[in-house]
Amino acid sequence: MKRGMIGVVAFGAAVALAVPAMAIDFSGYGAIRLGTFWQQNQYYNAAGAKRSDSDFSLDLMGDSLVGVRAKEGDFSAVAELGAYNPKAYSKGLELRLLFGEWNFGNGKLRIGRTPSPYVYRTQQVWDSDGGFNAYGSLWDGRYANIKLTMNNGFYFTLMQPRVGAQANNTGNVTSSDATAAASQTGNLYPTAAYTNYNTIMPKIVTGYEGKLDRWTYGGGVAYNMYNVETYATATANPVKTDIHSYLVFFHGKIDLAPVELSYNVFTGRNLGDLMSTAASAYVTSGANPNGAGTGAYYDVTNKANAYSYGGWGQVGYTVNDKLKLYAGASYVADDNRKTHADERLATFVNAQYQVSKNFKIVPEIDFMNDMTSTTGAKEPRTFVAGAKWEMAF
Amino acid sequence: MLPTLRAPFFVLALFLLIPVLNASAAVNEALVRDFAPVSGYVVQPAGSEFIIDLDARQQIAVGDIFSVVTPGEKIVHPVTREVLGTQDTVKGILQVTRIKGGYSYCRPLGSVSAIRNGDVIRRFQNIDVDFWDYTGHGEQLFKELRAALPQLPWQGYAASQKNRPATPALPPGRPPALYFVLTSLGLDVRSSDFEIIHRYPVFDLYQARTAPALAIEPTSVTQDTAMISRGPDPGSKTYWTSPPMKGMPVGVETGDFDGDGKQEIAVAFGDRIEIYRLTGHDYQQLATVPLGAAIRAYHLDGVDLKGNGRPQLFVSAVTNAGNLSGVIIESQDRQYRITRKDIPWHLRRLTMPGEGLVLLAQKMGLQGREFAGPIFRVKLAGGELVEGPTVDVPSKTNLYAFALLPTKGRNLFACLGDDGYLNIVTPDGRIVGSSVDRMGGSESYLEMNEEVSSGGESRISYIPARIEVNENGEILVPVNSGFSLLSRVRVFSKSEMKAMTWDGSTLREAWHSTQEKSYVADFRLADANNRGVKALVTAVAFPDYSPFSTRRAVLHVYELP
């Protein structure tokens, strides 16, 4: 890793020295973000008794990063490295973004690793600028995609398909296969009962981003499909099930400077199967470690689709060029109509104080309520108070 | 090795010299200064030499030749009674050998018997001047030299060429004279003993030829008239600096905003517009117009869209959420007020051929496009701003990155490219010329937030520096330089103003201001100090790397050469 970092620095220096002689426009950027948060969880034991757990953390936030943008003519590229998010330092740096973009006049073609188009987050800073991850936003990480964006606002995206909670897209490969180039296809088949997950098409996201005076709005649909083959024994005929997932989303911002209003609403089916990672904040029912949410997945046992709806709203107010205030609230419900609905809500309020051009402190108070799980059990309530410290360059 | 290098160098030098000889602009101001009339007195003999009362302060140089004269009868114009000169009698010739503080030593050239203490001396007067042209293309330069240095008794061009030796050498038996010897390497000026007393290489000559025309005027020898290139004192007549202002300026505009017949200066900062008036050296602040907490200005222009004789100030601004929200500021009843808000366009004033000053605009695009759609004229209809006819510009050029460059036969565009070079572009977008070095550079920016809602970083998009074409066809652009790898930490530390000319094939520098350790945020050519002539007005900010301090800025007003 150290060698890699040295390489990155050396490359950056070489680029910097070479820039005056090149037509390529390079610019670097970065942000160091640190969170100091006091958090108290109230949870319920198996007997339903209330318990609490308090923690204080002072740690690097997962969206601390360095990056570089390059542009030459109609082509541009971005590479961004950052702290691993969620934090797991043993995994080293995370490649956050790596994409190239071609501006062909009537639109742009982007290929590479970027967030999913339906991600739309608030100004909440807790949980590494979580922005209501799992509580109303649809964050599911950054994955490879091909995105065509037209100047008129329409876009069309092809993404790697997902197969529900399976971290490596297949249920019948060993851990060593998970990192193989063709990990979508297993090559070690078990001798006992097993399940195949078959994918035949990319996940598709298409939508529109528009603007009407001071109202910036967007919306779209996403669709993902895979097939499950369940083998009762190694030699039995499979039972096949097609899992169809879709998402319909709308988001926007109304700029009534100095006031701004933002919103995000969505509904869909089997969203857990659609999201780009099994470990996505959404499908694990929040960042709360005690959360247990499977309510957004296709219910194999009951052969039932899960239906979700939710969203968030936020209001912001610019006091002056140094101080901005934000407050937001959200609600999400996942329900397969066979078990209990899995519901969550959250609120936050923060003050973004720009100490200098590059230095910002954001004190914040949050309350997250995971309400009930699919079993009907009470889930934790979480109070958070703290601040984000950010230096951006 | 050397001979092989010499040949291409000679060709290159000759190539560079050709435009020098064909241009019709100016002569190197240093040359003019070196041969300007200077008078003094003989102080006393010093051995075989004489001491005169001149030194480096009068810009004399070793090798300079002085005539020792007896002033004769005045030559008076019969009608105006103006004294045109005197009928001097030359008593001897002196040549400077050493320059001391307050005096200099001279050796006599010829007889010294008639020279007395207190005799008047005049530099380069009554001494024959020959111009030897070894390039065959120097006649035009000769004419300009003769025009710039009329006090020298020039021999005719043809006569000089007839008498010049085949190779530069001192002709035998010549009385004391000056020899201007033009070769492919430059112009040498030799004294009567054929020692070089001044040398002007090809490059210097080239610069001279692209220097402002006024620089060749004899009167420009004085300290006050060559401000653009001489590094003047701040308190001099032609260079003025305002008291410091707090903040980072993003624009400057001049005009009679309040209709009082005097020019005002408006300076835009991110959060406010400040109005000043400079009359002579009387500088006063007239108003401060806060823009409010919700918006941040990034560009300023003024144009009299209402036709009432009082230009309105059009401030391009952006909200915290990233929407364009320009405002108009006007003087009404001697009060400066915001008379319109929420203009959803980038705004810019530009001089259009056949139309004069026009207000142009462009929209912001969707999903991270700072500029989108055509550039269009802005009209006033029923008190409202409306979109007018579009302006055809090369593709991929935004509202702030171009200026029209009318040339013979076709219209071209001077465009600042994304890579920082100044390009000459045809209407169909073909680049036909480019600057050698990067130009422009701005710290005024838009913060693009299209990626923030999906967990990404905002992107700083810098607005191109102002680019203008003046009535002489010169392309004016600031040149800001500095080193910064990080997009949010751009602080230019060195700046100058440059005027470039397009000769049909090459972009060349016409003039430049002195370099400063500052950032030129914006500039104007206007009668900013109410003296009746156009001046160069710049709003500059000084580098400050402390994250907690407020940038300091000033206005400079230069008189143009």
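We use all heavy atoms of the structure for the numbers below, so side chains are in, but hydrogens, waters and symmetry mates are not. Note on naming: letters A, B, ... go to the chains in the order of the sequence lines (proteins, then strands), and numbering restarts at 1 for each one.
Proximity to chain A at a heavy-atom threshold of 4.5 Å picks out E451(B), S453(B), S454(B), G455(B) from residues 446-456 of chain B, in numerical order. Taking 4.5 Å as the heavy-atom cut-off, the residues of residues 316-329 of chain B that approach chain A are T319(B), N320(B), A321(B), N323(B), L324(B), S325(B), ordered by number.
Contacts of F269(B) classified as ring pair (Phe, Tyr, Trp, His ring centres under 6.0 Å), with partners at least two apart in sequence or in another chain: none. Looking at residues two or more places apart in sequence or on another chain, you find no salt bridge (Lys or Arg N to Asp or Glu O under 4.0 Å) involving K357(A).
Between Y118(A) and F249(A), the angle of the ring planes goes over 60°, which puts this pair in the perpendicular group of the 30/60° scheme. Relative orientation of the F154(A) and Y208(A) rings is tilted, given thresholds of 30° and 60° on the angle between their planes.
R369(B) has no carboxylate O lying under 4.0 Å from a charged side-chain N of E209(A), or vice versa, which leaves the two without a salt bridge. A salt bridge does not link K147(A) to E101(A): none of the charged side-chain nitrogens sits closer than 4.0 Å to a carboxylate oxygen. Note on D129(A) versus R121(A): no salt bridge recorded, every NZ/NE/NH1/NH2 to OD/OE distance being 4.0 Å or above.
Heavy atoms closer than 4.5 Å to chain A are found in both the backbone and the side chain of L486(B). V319(A) touches chain B through its backbone: at least one of N, CA, C or O sits under 4.5 Å from a heavy atom, while the side chain does not. Proximity to chain A is absent for every atom of R296(B), based on heavy atoms less than 4.5 angstrom apart. Both the backbone and the side chain of K108(A) come within contact range of chain B, judged by heavy atoms closer than 4.5 Å. Using a 4.5 Å cut-off between heavy atoms, A31(A) contacts chain B through its side chain alone, with no backbone atom that close. Heavy atoms of M391(A) lying under 4.5 Å from chain B are absent altogether. Neither the backbone nor the side chain of N103(A) has a heavy atom closer than 4.5 Å to any heavy atom of chain B. Proximity to chain A (any heavy atom under 4.5 Å) is shown, for D437(B), by neither the backbone nor the side chain. Of the atoms belonging to N358(A), it is side-chain heavy atoms, and not backbone ones, that fall under 4.5 Å from chain B. Of the atoms belonging to E260(A), it is side-chain heavy atoms, and not backbone ones, that fall under 4.5 Å from chain B. Neither the backbone nor the side chain of T122(A) comes within contact range of chain B; no heavy atom of the residue lies under 4.5 Å from a heavy atom of that chain. Residue contact with chain B, scored on non-hydrogen atoms closer than 4.5 Å, involves the side chain of L65(A) exclusively. The parts of K211(A) that come within reach of chain B are both its backbone and its side chain, each placing non-hydrogen atoms under 4.5 angstrom from that chain.
F376(B) is listed as a side-chain neighbour of K363(B), based on a closest heavy-atom distance under 4.5 Å. The shortest side-chain heavy-atom distance between P427(B) and F413(B) falls under the 4.5 Å cut-off. Inter-residue side-chain proximity for Y519(B) and P478(B) is flagged as unmet; no heavy-atom pair is nearer than 4.5 Å.
Using modelled atom types, one finds a donor on one side chain and an acceptor on the other under 3.5 Å when comparing Q352(A) with Q123(A). A donor and an acceptor atom, one from each side chain of S27(A) and R459(B), are nowhere located under 3.5 Å apart.
Both tests hold for R69(A) against Y29(A): distance to the six-membered ring centre under 6.0 Å, angle to the ring axis within 45°.
Interface summary for chain A: among I295(B), I460(B), V489(B), D271(B), the most heavy-atom pairs under 4.5 angstrom belong to V489(B).
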